[in-house]
Amino acid sequence: MTFLVEPLTFTSSLTTEFLLQAQAFSREQRDSQKARKVYLNTLAVCAVHFYCECTGVETDLTASNSWNAATRTLTNAADLVIQGKGRLECCPVLPGDEVFQVSPEAREDRLGYVVVEIDEAAYEARLLGFSQTAESQLYTRKLSSLEALLEAIVDDVPETDRSAPSAPSVTTGLVRLSQWFSNVFDELWQDPERVLAASYRGVVETQEPDSQPSRKRVKMLDVGGYKIALLLQTTYLSDTERDILLKVCPGDRNVLPQGLLLQLLDDSDSVVMQTQTKRADNFISLNFQIGIEEAFSVQLSLKDSQVTEQFLS
């Protein structure tokens, strides 16, 4: 098997509140290019502020230059004050952008730089990563994970327990993924578009090349008292191999519980791959390739609760 683990990112919806605030600030500007810049800056600041709320980090919007009318007009302000720490610069980019131009006033007196992808078509803002320093440009491919951001703004990021709990445990029956290509699904495995809230559909979006037929379904699970959505996509690679993508996101909250452990088990119940949530993750994922008619299990664990789903590729 070949395994891939996605870096830690954070996606939030561009809520009506975010959009109205950005529109109000942009209307202060007479120049259309300046208005557009203020609009994107405000959305980026709002997204980072929401991330901080989810992680329990205290901010002070009113003390931020980005929330001061005069400073917004005279500078390219996109900062967010972290109480007791300093200023984060929130750097908006559009989908496909690889470089962000850092304004001169933002190159000093900053805790760091958070790059935020603003996807207006999908009404989403995605925190791509973090850089503690910046010169004139930031390259999206060179950003550190958001784990580095947490280390910069959180006084104590507790270590998570990676040991798998033993009880209580729930194991479901075998799911034959080959049947999915004939559009035969167990009723508990549902269409993500119908089950998930609009704000999380972007989290579980997956690419489906025309030349490679795919099927995806989501199942709602109860893990340690939390409603968890487990999405599985299976993609036809060849007559002998399939690609499997697993994604886990909240069923009814903004973020996943900290310490939720996602494990891939082989047919002998040995752990071959795993990932675990940290603070404010709104999804985690595993990606691997597997032969046909090969058995594997997916296990979700949180404290003393454990749920196992069994599959045949």
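Note that the structure is predicted; figures quoted are calculated from it, not measured.
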Tell me whether Ser26 contacts the main-chain N or O of Tyr39 through its side chain, where contact means a donor paired with an acceptor under 3.5 Å.
no
Ignoring hydrogens and angles, tell me if any N or O in the side chain of Thr59 forms a donor-acceptor pair with the backbone of Ile82 under 3.5 Å.
no
From CZ (Phe311) to CD1 (Ile290), nearest 0.5 Å:
10.5 Å
Heavy-atom nearest pair, Lys85 first then Ile153, reads CE-O, 3.8 Å
Please walk me through it: do Tyr226 and Leu256 pass side-chain contact (heavy atoms from CB on, under 4.5 Å)?
CA-CA 8 Å; Tyr226 290 86; Leu256 291 165; over 6 Å; no
Residue pair Ser136 / Arg107, side-chain heavy-atom distance below 4.5 Å:
yes
Is the Phe50 ring parallel, tilted or perpendicular to the Phe18 ring (thresholds 30°, 60°)?
perpendicular
Below 4.5 Å, heavy atoms only, C-beta onward: do Ile292 and Arg242 meet side chain to side chain?
yes
Side-chain donor-acceptor pair present, Gln299, Thr308, cut-off under 3.5 Å:
yes
Hey, is CD on Gln132 packed in by over 12 heavy atoms from elsewhere, all under 6.0 Å?
no
Would you say Leu43 ends up clustered with Val81 if hydrophobic residues are merged whenever their side chains have heavy atoms under 4.5 Å apart, either directly or through other cluster members?
no
Does Val102 form a side-chain contact (heavy atoms from CB on, under 4.5 Å) with Leu138? I'd like the steps, not just the answer.
CA-CA 7 Å; Val102 183; Leu138 283 173; 4.0 Å; yes
Checking side-chain contact (heavy atoms from CB on, under 4.5 Å) for the pair Val38/Glu28: CA distance, chi angles, key distance, verdict?
CA-CA 9 Å; Val38 168; Glu28 300 169 347; 5.7 Å; no
Relative to each other, are the rings of Trp189 and Trp180 parallel, tilted or perpendicular (30° and 60° limits)?
tilted
Tell me if a side-chain donor or acceptor on Tyr113 pairs with a main-chain N or O of Ala106 at a distance below 3.5 Å.
yes
Has Glu117 got a side-chain atom pairing as donor or acceptor with Val93's backbone, closer than 3.5 angstrom?
no
If I compare all heavy atoms of Arg87 with all of Ala63, which pair ends up nearest, and what's the gap?
NH1-O, 3.4 Å
Can you tell me if Ser313 uses its side chain to pair, donor with acceptor, with the backbone of Gly291 under 3.5 Å?
yes
Using the rule that two of Ile, Leu, Val, Met, Phe, Trp, Tyr join whenever any of their side-chain heavy atoms come within less than 4.5 Å, decide whether Leu128 and Tyr139 are in one cluster.
no
Please report the interatomic distance NZ(Lys219) to CG(Leu230), rounded to the nearest 0.5 Å.
8.5 Å
Is it true that atom CD of Gln23 has more than 12 heavy atoms of other residues, nucleotides or ligands lying nearer than 6.0 Å?
yes
Has Thr73 got a side-chain atom pairing as donor or acceptor with Ala69's backbone, closer than 3.5 angstrom?
yes
Hey, does Asp79 have a side-chain heavy atom less than 4.5 Å from the side chain of Arg110?
yes
So with a 6.0 Å cut-off around CD of Glu58, is the heavy-atom count from everything else above 12?
no
Euclidean distance, Ser214 OG relative to Asp243 CG, rounded to 0.5 Å
7.5 Å
Side-chain heavy atoms of Gln137 within contact of Phe100, under 4.5 Å:
no
Under 3.5 Å: donor-acceptor pair, side chain of Ser182, backbone of Val184
no
Between Ala22 and Thr42 the two heavy atoms that sit nearest each other are CA-CG2, 3.7 Å
Counting only heavy atoms not in Glu135, do more than 12 fall under 6.0 Å of its CD?
no
Trp67 backbone acceptor or donor facing Ser64 side chain under 3.5 Å:
no
Here the gap from Cys249 atom SG to Leu231 atom CG, rounded to the nearest 0.5 Å, amounts to 7.5 Å
Shared hydrophobic cluster for Leu127 and Leu19 (ILVMFWY, side-chain gaps under 4.5 Å)
yes
Kindly indicate whether the side chain of Leu61, heavy atoms from C-beta on, has any atom under 4.5 Å from the side chain of His49.
yes
Please report the closest heavy-atom contact between Glu89 and Asn76, naming both atoms and the distance.
OE2-O, 4.1 Å
List the atom of Ala295, the atom of Leu312, and the distance in Å for their closest heavy-atom pair.
N-CD1, 3.8 Å
Around atom CZ of Arg176, are there more than 12 heavy atoms of other residues, nucleotides or ligands at under 6.0 Å?
no
Heavy-atom side-chain contact between Pro92 and Asn41 under 4.5 Å
yes
Among Asn183, Thr235, Thr234, which one satisfies side chain to side chain donor-acceptor pair (under 3.5 Å) with Arg215?
Asn183
Is there a chain of hydrophobic side chains (I, L, V, M, F, W, Y, each step under 4.5 Å between heavy atoms) that links Ile284 to Val272?
yes
What's the spacing between Phe10 CZ and Leu150 CG if we round to 0.5 Å?
10.5 Å
Under a 4.5 Å cut-off applied to non-hydrogen side-chain atoms, are Val48 and Leu149 in contact?
no
Could you tell me whether the side chain of Val57 reaches within less than 4.5 Å of the side chain of Tyr51, counting heavy atoms only?
no
Other residues, nucleotides and ligands only: do more than 12 of their heavy atoms fall within 6.0 Å of OH on Tyr123?
no
Exercise: identify the closest heavy-atom pair between Leu94 and Ile118:
CD2-O, 3.7 Å
Any donor-acceptor pair under 3.5 Å linking the side chain of Ser270 with the backbone of Asp266?
no
Would you mind telling me which of Val307, Leu188, Val248 makes a side chain to side chain contact (heavy atoms under 4.5 Å, CB included) with Leu221?
Val307
Indicate yes or no for a side-chain donor-acceptor contact from Asn287 to the backbone of Ile244 under 3.5 Å, with no hydrogens or angles considered.
yes
CG (Leu261) and CG (Leu300) are apart, to the nearest 0.5 Å, by 8.0 Å
Flag yes if Val115 and Val99 sit in one hydrophobic cluster, no otherwise; membership is Ile, Leu, Val, Met, Phe, Trp, Tyr, and two members link when side-chain heavy atoms are under 4.5 Å apart.
no
